[in-house]
Amino acid sequence: KPFELEELLARVQVQLRKRNKVSESINYKELKLKSDIYDATINDIPLELTKHEYLILELLSKNPKRVFTKQEIYEYAWNDIYCDDEKTINTHISNIRKKIRNIVDENYIKTIWGIGFKMAE
């Protein structure tokens, strides 16, 4: 099958990230994530997240000061090559924000217009 070398490299990197994932706990403010069981809580109240929502929140929480592009978020959460699908990322971010707001009245995710998203300080 014909392929671009750049696409092959990106696919290999995604697979390596997936394979090297180890169990870890991530804490950001009152948010606690347990990667081995896809568990998320705020103030010990469970957040009912889909797998993709959890992975998006995990990526942002791992490095809260860093701004992640939609491409980086998509490739991490979907374990696939980004196909310029902004609606998918925006919808999932919106759903995460709503679920967090149901527990605490605080915005955990900040939009950096024209770039992407990061955790709110």
Side-chain angles (χ1 to χ4, degrees):
K1 203 175 189 186
F3 62 88
E4 301 266 337
L5 189 55
E6 188 174 302
E7 179 180 344
L8 176 64
L9 179 60
R11 287 181 184 267
V12 168
Q13 288 173 337
V14 166
Q15 292 301 318
L16 287 174
R17 274 197 310 265
K18 181 180 178 183
R19 188 160 226 215
N20 291 332
K21 186 175 182 179
V22 295
S23 176
E24 63 180 308
S25 291
I26 301 165
N27 298 321
Y28 182 76
K29 296 184 181 181
E30 292 83 24
L31 173 68
K32 293 180 182 172
L33 302 171
K34 294 180 186 169
S35 65
D36 57 337
I37 57 174
Y38 291 96
D39 182 56
T41 60
I42 294 182
N43 292 331
D44 296 323
I45 300 170
L47 265 175
E48 299 296 327
L49 300 173
T50 66
K51 178 183 176 184
H52 293 122
E53 291 168 350
Y54 177 88
L55 290 170
I56 290 169
L57 200 51
E58 177 184 72
L59 176 65
L60 296 175
S61 298
K62 280 182 178 180
N63 198 349
K65 294 183 186 241
R66 180 171 173 221
V67 179
F68 289 92
T69 66
K70 291 178 182 178
Q71 178 178 349
E72 291 170 321
I73 293 169
Y74 186 90
E75 289 177 357
Y76 183 85
W78 276 263
N79 196 24
D80 200 3
I81 303 298
Y82 181 67
C83 299
D84 199 29
D85 188 8
E86 290 189 19
K87 280 187 177 181
T88 299
I89 301 299
N90 291 339
T91 300
H92 280 78
I93 294 287
S94 175
N95 291 340
I96 295 167
R97 285 175 169 155
K98 286 176 191 172
K99 291 175 181 183
I100 290 173
R101 265 188 254 123
N102 286 336
I103 298 173
V104 293
D105 190 29
E106 186 176 350
N107 188 11
Y108 272 67
I109 300 174
K110 181 176 182 179
T111 301
I112 308 299
W113 294 106
I115 302 173
F117 301 94
K118 72 178 217 164
M119 294 302 278
E121 295 180 24

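- Connection of I96 to Y38 is established within a shared hydrophobic cluster, with ILVMFWY side chains joined at heavy-atom distances below 4.5 Å, either directly or through further cluster members.
- With rounding to the nearest 0.5 Å, the separation of OH in Y76 from CG in L60 is 10.0 Å.
- From I42, atom CD1 reaches atom CD of E30 across 7.5 Å, with rounding to the nearest 0.5 Å.
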Output, in order, the C-alpha distance, side-chain angles, deciding distance and verdict of side chain to side chain contact (heavy atoms under 4.5 Å, CB included) for V104 and I45. CA-CA 10 Å; V104 293; I45 300 170; over 6 Å; no
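- Residue-environment remark: NZ (K32) stays at or below the threshold of 12 foreign heavy atoms within 6.0 Å.
- Minimum interatomic distance between A10 and I81 (heavy atoms only, all atoms of both residues): CB-CD1, 3.4 Å.
- Counting non-hydrogen atoms of neighbouring residues, nucleotides and ligands closer than 6.0 angstrom, the CG atom of N27 exceeds 12 such neighbours.
- We find the CG-CD1 distance between L49 and I100 to be 7.5 Å, quoted to the nearest 0.5 Å.
- Summarising the geometry of F68 relative to E72, their closest heavy-atom pair is CA-OE1, 3.3 Å, with the distance given to 0.1 Å.
- Between T111 and R97, some side-chain heavy-atom pair lies under the 4.5 Å cut-off.
- To the nearest 0.5 Å, atoms CZ (R66) and NZ (K118) are separated by 12.0 Å.
- Looking only at side-chain heavy atoms (C-beta outward), D80 and R11 come within less than 4.5 Å of each other.
- Residues L57 and E53 form no side-chain contact, since every pair of their non-hydrogen atoms from C-beta on lies 4.5 Å or further apart.
- Put simply, CG on N90 and CZ on F117 are 5.0 Å apart, with the number rounded to the nearest 0.5 Å.
- Counting only heavy atoms from C-beta outward, the side chains of E106 and K29 approach each other to under 4.5 Å.
- In this structure, Y28 contributes its side chain and N63 its backbone to no donor-acceptor pair below 3.5 Å.
- Each of S35, S61, P64 was scored for a side-chain contact (heavy atoms from CB on, under 4.5 Å) with I26, with one residue passing: S61.
- Looking at L55 and E58, their side chains come closer than 4.5 Å, going by heavy atoms from C-beta outward.
- Interatomic distance, L33 CG to D39 CG, rounded to the nearest 0.5 Å: 8.5 Å.
- Classification of the H92-W78 ring pair by plane angle, with boundaries at 30° and 60°, yields perpendicular.
- Shortest non-hydrogen contact noted between I103 and P46 is CD1-O, 3.7 Å.
- M119 places a side-chain heavy atom less than 4.5 Å from the side chain of Y108.
- In this structure, T50 and N95 have side chains that are not in contact, with every pair of non-hydrogen atoms separated by 4.5 Å or more.
- Surrounding NZ of K34 are at most 12 heavy atoms belonging to other residues, nucleotides or ligands under 6.0 Å away.
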Assess the residue pair V67 and K110 against the criterion (side chain to side chain contact (heavy atoms under 4.5 Å, CB included)); give the C-alpha distance rounded to whole Å, side-chain angles, the decisive distance to 0.1 Å, and a yes or no. CA-CA 9 Å; V67 179; K110 181 176 182 179; over 6 Å; no
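- Y82 has its side chain out of reach of T69: every pair of non-hydrogen atoms, C-beta onward, lies at least 4.5 Å apart.
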